[in-house]
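The structure under discussion appears below in the form of structure tokens.
We name chains A, B, ... by the order of the sequence lines, and we start the count at 1 in each one. Quick caveat: nothing in here was measured; it's all calculated off a predicted structure.
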Protein chains: 2
Amino acid sequence: MVQIRKRTRDRDRRSVAATTLAELLSPALFRALCDPGRLQILGRLACCGKSCTVGEIGEGCEVDLSVVSRHLAMLREAGVLSSSKRGRNVYYGLDVDRLAAKLRAMADALEACCPPGAARRVDERQRKS
Amino acid sequence: MVQIRKRTRDRDRRSVAATTLAELLSPALFRALCDPGRLQILGRLACCGKSCTVGEIGEGCEVDLSVVSRHLAMLREAGVLSSSKRGRNVYYGLDVDRLAAKLRAMADALEACCPPGAARRVDERQRKS
DNA sequence: AGCATACTTGCATAATGGTGCAAATACGCA
DNA sequence: TGCGTATTTGCACCATTATGCAAGTATGCT
């Protein structure tokens with residue numbers, strides 16, 4: 001009885017994890033991160049540690065400023081960056097903790113979704129048969 | 001003196017973190033994950049918890065099996081899935097722990113790269129001026 | 001060997017994405 | 001208001017990617 005109740009709880013937990021996983025693994029986020037130029041911007045903002053204007057971010061980039069602007073907009077729409085306008089300037093900033101939390105949530109959801117114990121190895125099935 | 005030594009260490013740590021970050025944030029990985037179909041496959045394999053054949057994975061997918069096969073190959077090349085052949089079948093499996101570890105490493109690198117303390121808030125700069 | 005099954009690959013096509021230039025918009029300042 | 005600066009947007013072009021179909025390869029079975 002205890003055993004059955006426990007299994008039921010496990011199944012529920014996995015089910016919730018599955019929906020969570022599907023929500024967390026959004027194509028849009030990965031889409032935003034899959035371009036080298038955008039990743040470069042992300043890295044810059046992470047290391048710089050403060051929000052910067054489009055012009056500042058574009059400095060040293062070989063691409064047109066309009067491209068940088070579009071990259072930034074895309075990262076903002078994906079929830080990676082936040083922006084705020086101040087005078088003529090638009091400051092884009094990376095909320096490191098937010099992004100880190102999102103990545104860790106994905107990791108957690110992946111593990112929670114996975115059936116407990118047995119099935120964590122890729123090659124298990126081959127070994128059996 | 002102690003203060004200076006500490007700052008130097010912090011700078012070193014951030015510098016290492018920056019290179020690590022650049023290595024971890026690989027476009028290829030995000031590239032592999034940015035397609036809805038591939039994410040669906042990933043989710044299935046995560047929840048199923050064991051490696052499956054191409055045919056099994058393709059069941060219920062509306063796309064051609066050749067597309068599934070290509071998606072799987074792409075995920076394998078990105079280091080997300082591993083595969084092994086057994087008879088006529090090819091088993092693709094997700095190593096959940098490996099992927100989760102990769103995501104957490106990204107989160108750690110992001111935080112390590114960020115200058116300590118002050119600069120974790122996006123809107124700090126606007127508040128100053 | 002011959003045939004069936006499982007998967008991959010070549011190829012053509014359609015869709016999507018990245019880029020630069022030029023024009024438009026938004027704003028501050030005199 | 002008029003001008004200069006910062007950023008975004010429209011548009012055309014080129015490159016990349018996704019897809020389905022058909023053909024190819026690899027393997028098991030009789």
Side-chain angles (χ1 to χ4, degrees), chain A residues 25-45 50-78 80-94 122-123 125-126 129, chain B residues 25-42 44-45 48 50-78 80-94 122-123 125-126 129:
Chain A
L25 296 182
S26 97
L29 174 59
F30 295 121
R31 192 83 200 68
L33 296 178
C34 76
D35 181 81
R38 284 192 290 270
L39 280 181
Q40 188 188 348
I41 289 174
L42 190 67
R44 276 190 176 205
L45 284 173
K50 62 182 193 306
S51 34
C52 300
T53 69
V54 179
E56 287 169 345
I57 296 168
E59 263 171 42
C61 283
E62 67 290 349
V63 294
D64 194 88
L65 205 60
S66 71
V67 172
V68 173
S69 172
R70 267 185 278 246
H71 281 335
L72 290 167
M74 193 164 178
L75 288 166
R76 170 168 39 79
E77 276 152 36
V80 176
L81 301 182
S82 52
S83 72
S84 63
K85 200 168 182 175
R86 186 162 194 85
R88 285 176 296 189
N89 297 311
V90 178
Y91 290 86
Y92 282 92
L94 169 63
V122 164
D123 42 359
R125 184 154 164 186
Q126 298 137 41
S129 51
Chain B
L25 296 182
S26 97
L29 174 59
F30 296 122
R31 189 80 197 63
L33 297 178
C34 75
D35 181 83
R38 284 191 290 269
L39 279 183
Q40 189 189 348
I41 288 174
L42 190 66
R44 277 190 176 204
L45 283 173
C48 142
K50 62 183 194 301
S51 33
C52 299
T53 70
V54 178
E56 287 168 346
I57 296 167
E59 261 172 42
C61 283
E62 68 289 351
V63 295
D64 194 88
L65 203 61
S66 71
V67 172
V68 173
S69 172
R70 267 186 278 247
H71 280 165
L72 289 167
M74 191 164 179
L75 288 166
R76 172 168 37 80
E77 277 152 34
V80 176
L81 302 181
S82 52
S83 72
S84 63
K85 199 167 183 177
R86 187 163 192 86
R88 284 177 296 189
N89 297 311
V90 177
Y91 290 86
Y92 282 90
L94 168 63
V122 165
D123 44 358
R125 181 153 164 186
Q126 298 137 41
S129 52

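- With rounding to whole Å, A:R88 atom CZ is found 7 Å from D:dA6 atom C1'.
- Of the side-chain N and O atoms in A:R31, one or more sit less than 4.0 angstrom from OP1 or OP2 of C:dG17.
- A straight line from CD1 of A:I57 to P of D:dA6 spans 14 Å, rounded to a whole angstrom.
- Residues B:R31 and B:R38 meet the side-chain proximity criterion, which asks for heavy atoms closer than 4.5 Å.
- For A:D35, taking side-chain heavy atoms from C-beta onward, the closest of the listed nucleotides C:dG18, C:dT9, D:dT9 is C:dG18.
- When each of A:R38 and B:R70 is assigned the nucleotide of DNA chain C with its nearest heavy atom, B:R70 is the one assigned upstream, toward the 5' end.
- Put simply, the side chain of B:R44 never gets that close to the backbone of B:G58: no donor and acceptor are under 3.5 Å apart.
- Inter-residue side-chain proximity for B:V68 and B:I57 is flagged as met; some heavy-atom pair is nearer than 4.5 Å.
- At D:dT8, one or more side-chain N or O atoms of A:Y92 fall inside 4.0 Å of OP1 or OP2 (strictly under the cut-off).
- Atoms OH (A:Y91) and P (D:dA6) sit 11 Å apart, rounded to a whole Å.
- No donor-acceptor contact under 3.5 Å links the side chain of B:S66 to the base of C:dC7.
- Closest to the side chain of B:H71, from the set C:dG20, D:dT19, C:dC7, is D:dT19.
- In this model, the phosphate group of C:dC7 is approached by a side-chain N or O of B:T53 to a distance below 4.0 Å at OP1 or OP2.
- Close to C:dC7, at under 4.0 Å from its OP1 or OP2, lies a side-chain N or O of B:N89.
- When distances are taken from the side chain of B:D64 to each of D:dT9, D:dA18, D:dG20, the shortest belongs to D:dG20.
- Looking only at side-chain heavy atoms (C-beta outward), B:L25 and B:F30 come within less than 4.5 Å of each other.
- The interatomic distance linking B:K85 (NZ) with C:dT8 (P) rounds to 8 Å, in whole Å.
- Rounded to an integer number of Å, the gap from CD of A:Q40 to P of C:dG18 is 15 Å.
- As a whole-Å value, the separation of B:E62 CD from D:dC21 P is 13 Å.
- Atom CD1 in B:I41 sits about 10 Å away from atom P in D:dT19, given to the nearest Å.
- Protein atom CG of A:L72 is 13 Å distant from nucleotide atom P of C:dT19, rounded to whole Å.
- Side-chain contact check for B:L75 versus B:L33: some heavy-atom pair is nearer than 4.5 Å.
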